[in-house]
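Working notes for the structure below.
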Amino acid sequence: MIVVAGEALIDLVPRPAADPAGAPGGGAGGPLPPLLPRLGGGPYNTAVALGRLGTPTAFCSRVSTDGFGTALLDGLRSARVDTSLVQRGPEPTTLAVASVGSDGSAGYGFYAQGTADRLFELPAQLPPSARALALGTCSLVLEPGASAYEALLRREADRGVFTLLDPNIRPPVIPDADAYRTRFARWLPYVSLLKLSEEDARWLGGVPRGPAAVVLTRGGEGLTVRTQAGAEFAVPAAPVDVVDTIGAGDTVNAALLHRLAALDALSERALDALDEERWRDILGFAARAAAVTCSRTGAEPPYEDELS
């Protein structure tokens, strides 16, 4: 089983301009485009993507008992994700308002004050079958939950669980950039596989060393991996008509873990042993999966049969 820990939220996504049901708008003084509620959150999307790919997956978070929270849990269950590690609370669900650029790139504004995920508590233990733990995004920023997620990362890494970290930097929710960068550096000894976007790397001041491998997503230019031994391999992006990029990086996380699990490579020693052919296979699979997500509105990762 792969455990994904972190926030579940609702993305409010602008209706595509080509949608005949949508209202015109966007111009100065014109009507605003309708916002469509979509299930989301980086870790949530990663868990759903893993479930859709057929990987045994559990989600570990705190989810509201409101209507949005119920819908989020239904989305996990429909993807066959185990929800036994999900904590519940009466606090509201976090909202993320997305803005989509002309190239499909997405920006976000967050409404997270007093929401359920921020009160996440460290679980007593993960299932004995847990082989990997994936974390990232806002859950590692917003206190007091951030400290609990960090403790989970450290505890599971110390007992030999393979860990993936995707910081998925959201500057609007980071109150002190220098403090976050310092904290991020302290996480790296506990990370097996680090996934960064080019934007993340620039914000952090470069691609760090420490994890057994670092996968860098480069948008339309594809994906690159840098190993601890100094090897570097790259694959191009899969061609696609981009609707938006929401959830694309989360899909990459899931695809990497899914493919590594299939190759029995969920350990740092196994990562070190992967050759160029294996890495190109893993990265190519992730690129194809992300392309499917980019072809759809909001975070809608592919099912396994769509990538066969």
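Between Asp166 and Lys195 there is a salt bridge, since at least one side-chain N of the basic residue sits less than 4.0 Å from a carboxylate O of the acidic one. Salt bridge absent: Glu306 and Arg52 never bring a charged side-chain N and a carboxylate O closer than 4.0 Å. Between Glu232 and Arg226 there is a salt bridge, since at least one side-chain N of the basic residue sits less than 4.0 Å from a carboxylate O of the acidic one.
Distance alone, capped at 3.5 Å, is enough to place a donor-acceptor pair between the Asp200 side chain and the Ser197 backbone. For the pair Thr163 (side chain) and Ser192 (backbone), a donor-acceptor distance under 3.5 Å is present. Under the 3.5 Å distance criterion, the side-chain polar atoms of Thr55 are left unmatched by any main-chain donor or acceptor of Gly51. Judged by distance alone, the side chain of Thr293 and the main-chain N or O of Ala291 form no donor-acceptor pair under 3.5 Å. Judged by distance alone, with hydrogens and angles left aside, the side-chain atoms of Asp11 form no donor-acceptor pair with the main-chain N or O of Val13 at under 3.5 Å.
Glu150 pairs by the side chain to side chain donor-acceptor pair (under 3.5 Å) definition with Arg154, Arg183, Trp187, not counting sequence neighbours. In this structure, the side-chain contact (heavy atoms from CB on, under 4.5 Å) partners of Ala177, at least two apart in sequence or on a different chain, are Arg181, Trp203. Considering only residues two or more places apart in sequence or on other chains, Thr182 meets the side chain to side chain donor-acceptor pair (under 3.5 Å) condition with none of them.
Summarising the hydrophobic clusters (Ile, Leu, Val, Met, Phe, Trp, Tyr; side-chain heavy atoms under 4.5 Å, direct or chained), the residues clustered with Phe285 are Leu53, Val292, Leu307.
The shortest heavy-atom contact between Leu196 and Pro167 is CD2-CG, 3.4 Å. The minimum heavy-atom distance between Leu85 and Ala58, with the atom names listed, is CD1-CB, 4.2 Å. Nearest heavy-atom pair across Leu271 and Leu193 is CD1-CB, 4.4 Å. Of all non-hydrogen atoms in Val48 and Gly75, the two that sit nearest each other are CG2-O, 4.4 Å. Looking at every heavy atom in both residues, Val141 comes nearest to Val173 through CG1-O, 3.1 Å.
With a 6.0 Å radius and a threshold of 12 heavy atoms from other residues, nucleotides or ligands, Tyr111 has its OH atom at or below the threshold. Annotation for Arg159: atom CZ counts as buried by contact number, over 12 foreign heavy atoms lying within 6.0 Å.
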ask   = Are Asp82 and Arg77 close enough, and set up right, to give a salt bridge (charged side-chain N to carboxylate O under 4.0 Å, His left out), and what steps lead you there?
value = CA-CA 7 Å; Asp82 184 330; Arg77 292 174 182 135; over 6 Å; no
**OP:** Evaluate the criterion side-chain contact (heavy atoms from CB on, under 4.5 Å) for residue pair Leu50 and Asn253; output intermediate values, then yes/no.
**Re:** CA-CA 9 Å; Leu50 278 165; Asn253 294 338; over 6 Å; no
Please tabulate, for side-chain N and O atoms in residues 114-127, each donor-acceptor pair with protein atoms closer than 3.5 Å (sequence neighbours left out).
from   : atom 1 : to     : atom 2 : distance (Å)
Thr115 : OG1    : Thr94  : OG1    : 2.8
Thr115 : OG1    : Ala112 : O      : 2.9
Asp117 : OD1    : Ser61  : OG     : 3.3
Asp117 : OD1    : Tyr149 : OH     : 2.5
Arg118 : NE     : Glu143 : O      : 3.2
Arg118 : NH1    : Ala112 : O      : 3.4
Arg118 : NH2    : Glu143 : O      : 3.2

Contacts under 3.5 angstrom, residues 208-216 side chains, donor-acceptor by atom type, not counting sequence neighbours:
none

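No side-chain N or O of Ser64 forms a donor-acceptor pair with one of Arg88 less than 3.5 Å apart.
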